[in-house]
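For reference, the structure is listed below as structure tokens.
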Amino acid sequence: MSQPILEIKNLHAGVEGKQILKGVELTINPGEVHAIMGPNGSGKSTLSAILAGREDYDITQGEVLYLGKDLLDLDPEERAREGVFLAFQYPVEIPGVNSTYFLKSALNEVRKHRGLPELDAMEFLALVKERMKILHLPEDFLKRPVNHGFSGGEKKRNEIFQMAVLEPKLAILDETDSGLDIDALKVVSEGVNKLKRPDNAQLVITHYQRLLNYIVPDFVHVLVEGRIVRSGGKELAFELEEKGYDWIAKGELQPA
Amino acid sequence: MIATNPLETMKETDPYLEQFQRFENEVKQPSWLFPLRKAGIARFSELDFPTLRHEDWRFTNVAPLAKLPFKPVFDSGVDGVSSKILGRFTFGQLAGTRLVFVNGHFSNELSAIRPLPVGVKAGSLADALVTDGAFLEKHLGRHVPTEDNAFAALNTAFFLDGAFIYVPAGKTVEEPIQLVFVTTTREAGAAINPRNLIIAEANTRLTVIESYVTTDHAAYFTNAVTELVAGDNAEVEHLKFQDESLAGFHIASLHGHFGRMSNVHVHSFALGAKLSRYNIRVKLNGEGLETVLNGLYLTKGDQLADHHMIVEHAQPRCASHEYFNGILDDKSKGVFHGRILVQPIAQKTDAKQTNRNLLLSDEATVDTKPQLEIYADDVKCTHGATVGQMDEDSIFYLRARGIGLDTARQMLMHAFAGEIIDRVQCEPAREELDRLVWDRLEENPHIAEKK
């Protein structure tokens with residue numbers, strides 16, 4: 001078997017002295033789609049923020065290896081250039097920064113890092129136009145400032161569009177389904193599915209099972225109070241949907 | 001009355017009165033003008049320089065300006081300014097009619113008057129006082145209330161020249177008309193009082209760029225007043241670009257009077273001067289008009305940039321949108337005061353005001369004050385102000401896409417300024433401002449290093 005894309009080992013982390021993650025273990029191999037499900041406050045967003053490189057958290061124990069290298073040692077931009085991509089739960093509006101300029105800068109940083117030549121304006125445009133089709137984005141999308149004045153659905157589509165352009169090895173989708181109606185959810189999920197390849201991996205973080213009807217995971221993990229308390233196949237998601245998080249929390253967290 | 005009481009101790013305005021007497025004897029003018037000037041100096045003497053006790057001057061101390069000797073520049077002359085030197089200033093390469101004033105005096109040789117539509121006038125106000133005296137009598141000073149504005153009163157007393165632009169109904173002036181005020185004086189206290197009158201009648205289109213630049217860095221004093229009249233359905237864009245001496249004082253007022261269904265953009269770019277103050281007074285005097293007041297100030301060192309707006313909604317269904325952004329470094333200071341006055345008749349008013357400030361240093365400060373006075377009941381008025389450092393979430397977002405920290409900061413800074421620059425409709429001016437502001441920001445060492 002090839003090298004895992006991501007290995008999280010006994011990860012403990014918190015903010016301002018409060019422990020949030022209490023020993024997370026997770027291994028993701030190439031070609032796999034993993035889902036992390038959990039109730040509010042279980043640490044899902046903390047985990048995605050730490051993987052992307054947010055500096056607000058204290059890592060107190062454990063390690064995270066990305067393609068065998070210490071991920072936590074890298075700045076956020078270095079992680080991105082290495083192929084880690086976070087689709088934000090709340091994409092930030094950046095008025096005044098043109099989407100084309102932003103995305104071209106980002107792509108060229110990634111390409112430089114991979115030893116590829118930078119794309120000129122024409123080449124870039126050809127590439128993004130092709131990728132825009134995957135997400136059914138309107139032509140004027142690139143002329144607008146990054147996320148500025150976008151609807152919730154547009155913002156989420158824009159995240160996946162960026163993912164399509166940057167072609168990460170590891171995509172982390174943080175609550176990508178939140179705020180999406182069913183049609184938008186289908187478009188976004190289709191986009192994600194089209195980007196799936198044998199040499200990359202996706203980590204889908206969600207509260208609800210709904211998204212997993214469209215992005216079908218190979219593995220489902222349940223995060224409760226900062227630990228993965230149960231892992232299984234996609235059927236685990238249905239079980240959770242049916243019985244709720246209380247069921248698993250009670251079942252797993254009672255003292256042995 | 002302008003006579004001073006000899007028993008009174010010397011007032012700060014006394015030297016101004018002395019200068020005025022000299023001025024009274026020296027300058028030729030139409031007979032109707034002198035009473036106007038006289039009222040101006042009387043008003044100035046009565047009001048005196050504002051102090052921090054004045055509500056409208058709470059944050060801007062003009063005491064250093066009041067202490068300067070007051071030396072109006074009566075002599076005209078180009079003082080070494082050449083077309084080559086002009087070409088190097090911002091907008092120096094812009095196409096269109098250019099009226100050049102050196103130390104406040106119109107220079108025919110440096111100016112370039114391009115063919116304009118029939119009936120359109122663009123030239124020196126001093127010349128127009130001779131050739132179009134009767135017309136000017138009806139308009140000059142009509143829109144400048146001096147009751148509460150000592151500096152406008154002072155300008156009315158002392159102005160020697162400036163621009164006169166007249167666009168008769170139905171005419172379109174395609175290229176921008178530039179007014180370039182170049183100051184060359186090396187003398188502290190040299191005072192220049194430009195006076196501009198811009199009249200765009202109904203159904204006209206006009207762009208005016210009024211810029212204040214310098215060849216030296218003396219502590220001179222520019223005290224400008226511009227009257228801008230936009231008729232019904234007129235589309236007017238007025239841009240003031242202020243890049244004065246870093247030791248200089250720049251006080252300016254724009255008095256706007258806008259007609260029904262007109263669309264007027266007023267921009268301010270304040271980069272220079274030790275102390276600058278721009279009073280924007282606009283009266284929305286016709287139904288259904290739209291106006292945008294849009295400004296950017298970049299300050300460093302001990303600069304102070306003050307924008308003081310009064311937007312009067314005097315008719316129903318008008319929209320006024322104010323956007324002012326400031327980027328402040330070192331110990332510099334920004335002041336924003338935005339008053340929106342909605343008269344009882346002005347139902348369906350849509351007034352919006354935002355003032356955003358980015359501090360690049362811990363010592364930079366901003367005073368921002370919205371002031372809403374609403375006497376109509378069916379209106380939409382919003383205001384918002386922010387003062388702070390660069391948004392960490394935005395920086396993280398950019399970094400999470402592979403963009404380095406320094407580049408991310410520069411992008412955001414550029415965006416912050418760009419938001420304002422993008423509202424400039426005159427494309428060549430917009431592009432030049434974009435480059436210029438970016439150059440100025442890149443010169444700043446704090447952009448890369450400051451968190």
Side-chain angles (χ1 to χ4, degrees), chain A residues 48-57 74-99 101-114 143-149 155 158-159 161-163 165-168 171-172 174, chain B residues 269 292 294-296 298 321 323-327 352 354-358 384 386 388-424 427 430-431 433-435 437-438 441-442 447-448 451:
Chain A
S48 64
I50 287 173
L51 293 178
R54 272 268 189 210
E55 281 154 5
D56 316 332
Y57 298 92
L74 302 177
D75 284 335
E77 58 267 36
E78 292 170 328
R79 298 181 196 198
R81 292 168 195 167
E82 289 279 346
V84 178
F85 181 93
L86 171 67
F88 284 64
Q89 181 179 5
Y90 302 109
V92 183
E93 293 199 19
I94 313 184
V97 175
N98 172 275
S99 290
Y101 174 61
F102 155 70
L103 198 53
K104 185 163 169 268
S105 305
L107 177 62
N108 279 333
E109 289 289 356
V110 170
R111 288 180 64 92
K112 251 193 302 189
H113 188 77
R114 293 177 190 167
K143 291 184 185 148
R144 293 155 68 183
V146 180
N147 292 322
H148 185 56
K155 283 180 186 167
N158 192 20
E159 293 296 287
F161 166 57
Q162 292 173 28
M163 175 178 155
V165 171
L166 299 176
E167 300 182 301
I172 304 153
D174 188 7
Chain B
F269 289 83
V292 171
N294 180 53
L296 178 69
L298 305 181
H321 293 166
Y323 308 93
F324 284 79
N325 285 6
I327 302 178
K352 185 161 87 181
T354 62
N355 173 226
R356 300 168 64 211
N357 296 280
L358 202 50
T386 59
Q389 319 232 317
M390 236 177 279
D391 180 42
E392 290 296 327
D393 286 340
S394 302
I395 291 178
F396 180 70
Y397 188 80
L398 296 172
R399 293 179 80 189
R401 295 295 177 257
I403 293 164
L405 179 59
D406 289 354
T407 312
R409 284 193 177 130
Q410 286 181 349
M411 267 189 191
L412 293 178
M413 186 83 57
H414 200 175
F416 191 81
E419 186 207 331
I420 299 299
I421 294 169
D422 283 350
R423 288 197 192 89
V424 174
E427 193 180 336
R430 183 175 68 235
E431 285 173 358
L433 283 166
D434 196 42
R435 281 192 300 273
V437 168
W438 193 224
L441 291 174
E442 277 195 329
I447 288 170
K451 245 203 142 158

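Below, chains carry the letters A, B, ... as their sequence lines are ordered, and counting in each starts from 1.
No part of Pro168(A) comes within reach of chain B, as not one of its non-hydrogen atoms sits under 4.5 angstrom from that chain. Both the backbone and the side chain of Phe102(A) come within contact range of chain B, each with at least one heavy atom under 4.5 Å from a heavy atom of that chain. Contact of Asp422(B) with chain A is not made at all, since no heavy-atom distance falls under 4.5 Å.
Within the model, atoms CD of Glu77(A) and OG1 of Thr407(B) stand 8.5 Å from one another, a figure rounded to the nearest 0.5 Å.
The shortest heavy-atom contact between Gly96(A) and Ala415(B) is C-CB, 3.5 Å. Residues Gly402(B) and Ala80(A) share a closest heavy-atom pair of N-CB, 3.2 Å. Closest approach of Gly404(B) and Arg81(A) over heavy atoms only: N-NH2, 3.4 Å.
Side-chain contact check for Tyr397(B) versus Tyr90(A): every heavy-atom pair is 4.5 Å or farther apart. A 4.5 Å side-chain heavy-atom check between Leu398(B) and Ile94(A) finds at least one atom pair inside the cut-off. Proximity of Ser105(A) to Met411(B): side-chain heavy atoms (C-beta onward) are separated by under 4.5 Å at one or more points.
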Step-by-step salt bridge (charged side-chain N to carboxylate O under 4.0 Å, His left out) determination, Arg399(B) to Glu78(A): CA-CA 8 Å; Arg399(B) 293 179 80 189; Glu78(A) 292 170 328; over 6 Å; no
side-chain contact (heavy atoms from CB on, under 4.5 Å) assessment of Leu405(B) paired with Asp75(A): CA-CA 9 Å; Leu405(B) 179 59; Asp75(A) 284 335; over 6 Å; no
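Top candidate by heavy-atom pairs under 4.5 Å with chain A, chosen from Asp393(B), Asp391(B), Ile420(B), Ile421(B), is Asp393(B).
Every residue two or more places apart in sequence or in another chain that forms a side chain to side chain donor-acceptor pair (under 3.5 Å) with Arg401(B) is listed here: Glu159(A), Gln162(A). Asn158(A) pairs by the side chain to side chain donor-acceptor pair (under 3.5 Å) definition with Asn147(A), not counting sequence neighbours.
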